Colleague: 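Mind looking over this structure? Questions follow.
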Amino acid sequence: MAVKPAPPVVPHHIAIVMDGNGRWASRRFLPRIAGHRQGVESLRRCVRLCAERGVGVLTVFAFSSENWNRPADEVSGLMELLAKALGREVPQLHADGVRLYFVGERAGLSDKVRDGLVAAELATAGNQRLVLNVCFNYGGRWDIAQAAQALAARGEPATELNLHRAMALSHVPDPDLVIRTGGEQRISNFLLWQAAYSELYFSDRLWPDFDAGALDAAIGAFACRERRFGQTSAQVAAQSAPAAAQQQAAVSASPSGNANAA
């Protein structure tokens, strides 16, 4: 009896620290902002690849609350790049069924940028193919602090469940896989609450060079991980056995999987 191979294990929610734009530009003797422009191209590619592979949520770290400390010309260039990208990318993202959320503190942004974020979210609000969270002026510590402040303002106790519901990413499940490009092996204040049980994957590729092969390598590594969530391997195996048996029974019952068919 022919047995169909199991479908690939694809994480529902992938989060990415898009690191290496500046180094990509420096190695080519280009200004750092050129690397960020190329990073936008890489993000466009990654969104398409994730949608094609069945990923439900993609969350990217675009600008951290600490990035304000970078040179003023780089920060202003990033703000201009964001404003232009909103006008250029949102129509195509909408056509592709991508729903946009911009996650982070908006108080320090210009009116033009804030208005652009709101307009992009409204324009894509009905899309369901892929949720794209762009973390801009975001920090994991900021997220926990703002959640605690929101609970205090409402007079609610700071329980784990209440804090989770007050987080800036409460509209999506926690990430299954967190990828960092650029060769560094830290999470740099990204999704500190949400990544408690995420699988971590570090790639040496600079973000502008992160292509389909690099993404598939990360997904392949994720598929090989055993996600125990505090349990033992034996417990995980016992829980997986009924699902595997059910899948095998379905394959055997189908015409294509039944050796006696036709």
Side-chain angles (χ1 to χ4, degrees), residues 14-51 55 58-93 96 98 100-106 108-110 112-114 116-117 120 130 132-140 142 175 177-191 200-219:
I14 294 178
I16 305 178
V17 181
M18 305 181 295
D19 192 22
N21 292 335
R23 281 173 287 159
W24 183 92
S26 297
R27 291 176 185 179
R28 290 160 176 79
F29 303 101
L30 298 171
R32 288 177 60 86
I33 195 63
H36 294 301
R37 293 193 188 98
Q38 194 62 35
V40 173
E41 299 296 323
S42 185
L43 177 56
R44 180 190 298 119
R45 177 175 62 228
C46 190
V47 169
R48 174 178 54 80
L49 292 171
C50 284
V55 175
L58 174 63
T59 299
V60 296
F61 204 6
F63 188 86
S64 78
S65 49
E66 289 78 26
N67 285 155
W68 292 104
N69 297 321
R70 292 190 173 189
D73 58 341
E74 182 175 351
V75 172
S76 63
L78 284 167
M79 294 301 157
E80 181 180 356
L81 182 61
L82 174 63
K84 290 181 178 179
L86 286 171
R88 185 177 65 248
E89 303 294 336
V90 171
Q92 186 60 53
L93 290 170
D96 293 339
V98 177
L100 270 167
Y101 286 90
F102 289 92
V103 181
E105 175 60 64
R106 300 189 184 185
L109 305 179
S110 69
K112 179 181 179 180
V113 170
R114 283 201 303 270
L117 302 185
L130 175 73
L132 173 59
N133 299 306
V134 179
C135 294
F136 197 88
N137 197 22
Y138 170 89
W142 163 85
L177 172 64
V178 175
I179 301 170
R180 180 173 184 142
T181 64
E184 304 290 353
Q185 297 190 13
R186 56 180 178 270
I187 57 175
S188 296
N189 198 22
F190 183 48
L191 305 182
L200 306 182
Y201 180 87
F202 301 102
S203 172
D204 289 332
R205 294 282 189 97
L206 301 178
W207 174 243
D209 295 327
F210 194 80
D211 56 13
L215 177 63
D216 288 339
I219 292 175

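Just the heavy atoms: all of them, side chains too, but no hydrogens, waters or symmetry mates, feed the values below. Quick note: residue numbers are just sequence positions, from 1. Not measured: the values here are computed from a predicted model.
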Colleague: Given the rule in the side-chain contact (heavy atoms from CB on, under 4.5 Å) test, do F210 and I179 qualify, once you have shown the distances and angles that lead to the verdict?
Modeller: CA-CA 11 Å; F210 194 80; I179 301 170; 4.2 Å; yes
Colleague: What I'd like to find out is whether the side chain of E184 reaches to under 4.5 Å of the side chain of V17, using heavy atoms alone.
Modeller: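 Heavy-atom side-chain distance check fails, nothing below 4.5 Å.
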Colleague: How many angstroms lie between SG in C46 and CG in L132, if you round to the nearest 0.5 Å?
Modeller: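 Answer rounded to 0.5 Å: 9.0 Å.
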Colleague: Rounded to the nearest 0.5 Å, how far apart are CG of D19 and CH2 of W207?
Modeller: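 Going from CG on D19 over to CH2 on W207, the span is 11.0 Å.
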Colleague: To the nearest 0.5 Å, what is the distance between CG on L177 and CG on L200?
Modeller: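 Going from CG on L177 over to CG on L200, the span is 8.5 Å.
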Colleague: Spell out, as yes or no, whether a donor-acceptor pair under 3.5 Å connects the side chain of R23 to the backbone of G35.
Modeller: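 Not at all, since once roles are kept as given, no pair shorter than 3.5 Å links the two residues.
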Colleague: Between L100 and L93, does a side-chain contact (heavy atoms from CB on, under 4.5 Å) hold up when you go through it step by step?
Modeller: CA-CA 8 Å; L100 270 167; L93 290 170; 3.8 Å; yes
Colleague: Can you give me the closest heavy-atom contact between V90 and A120, atom names plus distance?
Modeller: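 So the two residues come closest at CG2-CB, 3.7 Å.
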Colleague: Determine whether a donor-acceptor pair (N or O, by modelled atom type, separation under 3.5 Å) exists between the side chain of R180 and the backbone of M18.
Modeller: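 No, the answer is negative, given that no donor and acceptor are paired below the 3.5 Å cut-off.
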Colleague: Which residues pass the ring pair (Phe, Tyr, Trp, His ring centres under 6.0 Å) test with F190, sequence neighbours left out?
Modeller: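 For F190, the residues satisfying ring pair (Phe, Tyr, Trp, His ring centres under 6.0 Å) (neighbours in sequence not counted) are F61.
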Colleague: Which distance, rounded to the nearest 0.5 Å, do you find between the CG of L58 and the CG of L43?
Modeller: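 Here the interatomic distance stands at 7.0 Å.
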Colleague: Check step by step if side-chain contact (heavy atoms from CB on, under 4.5 Å) holds for V134 and Y101.
Modeller: CA-CA 6 Å; V134 179; Y101 286 90; over 6 Å; no
Colleague: When rounded to the nearest 0.5 angstrom, what distance separates CD1 in I219 from OH in Y201?
Modeller: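 Going from the CD1 atom of I219 to the OH atom of Y201 covers 10.5 Å.
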Colleague: How close do I14 and C50 get, heavy atom to heavy atom, and via which atoms?
Modeller: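 Of all heavy-atom pairs spanning I14 and C50, the closest is CD1-SG, 4.5 Å.
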Colleague: Tell me every residue that passes side chain to side chain donor-acceptor pair (under 3.5 Å) with R205, counting only those two or more places apart in sequence or in another chain.
Modeller: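 For R205, the residues satisfying side chain to side chain donor-acceptor pair (under 3.5 Å) (neighbours in sequence not counted) are D211.
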Colleague: Decide yes or no for P208 and N21: does some side-chain heavy atom of the first lie under 4.5 Å from some side-chain heavy atom of the second?
Modeller: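 When only atoms from C-beta onward are counted, N21 and P208 do touch, with a gap below 4.5 Å.
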Colleague: Supply the atom-to-atom distance S42 OG to L215 CG, rounded to the nearest 0.5 angstrom.
Modeller: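 Rounded to the nearest 0.5 Å, the OG-CG separation comes to 10.0 Å.
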Colleague: Taking the side chain as every heavy atom from C-beta outward, state whether H36 and V40 have any atom pair closer than 4.5 Å.
Modeller: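 H36 does not reach V40 side chain to side chain.
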Colleague: Less than 4.5 Å apart, side chain to side chain, heavy atoms only: is that true for L117 and L86?
Modeller: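 Heavy-atom side-chain distance check passes, below 4.5 Å.
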Colleague: Backbone N or O of R106 within a donor-acceptor pair of the N137 side chain at under 3.5 Å?
Modeller: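 It does not hold such a pair.
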Colleague: A side-chain contact here means heavy atoms from C-beta on lying under 4.5 Å apart; do V60 and C135 qualify?
Modeller: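 No, side chains not in contact.
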Colleague: When you compare the side chain of L30 with that of W24, does any pair of heavy atoms fall below 4.5 Å?
Modeller: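 Touching, per the 4.5 Å side-chain cut-off.
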Colleague: With sequence neighbours left out, what residues match E89 under side chain to side chain donor-acceptor pair (under 3.5 Å)?
Modeller: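 Result, side chain to side chain donor-acceptor pair (under 3.5 Å) vs E89: R44.
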Colleague: Would you check if there is a donor-acceptor pair between the side chains of W142 and E105 at a distance under 3.5 Å?
Modeller: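 Yes, side-chain donor-acceptor contact under 3.5 Å.
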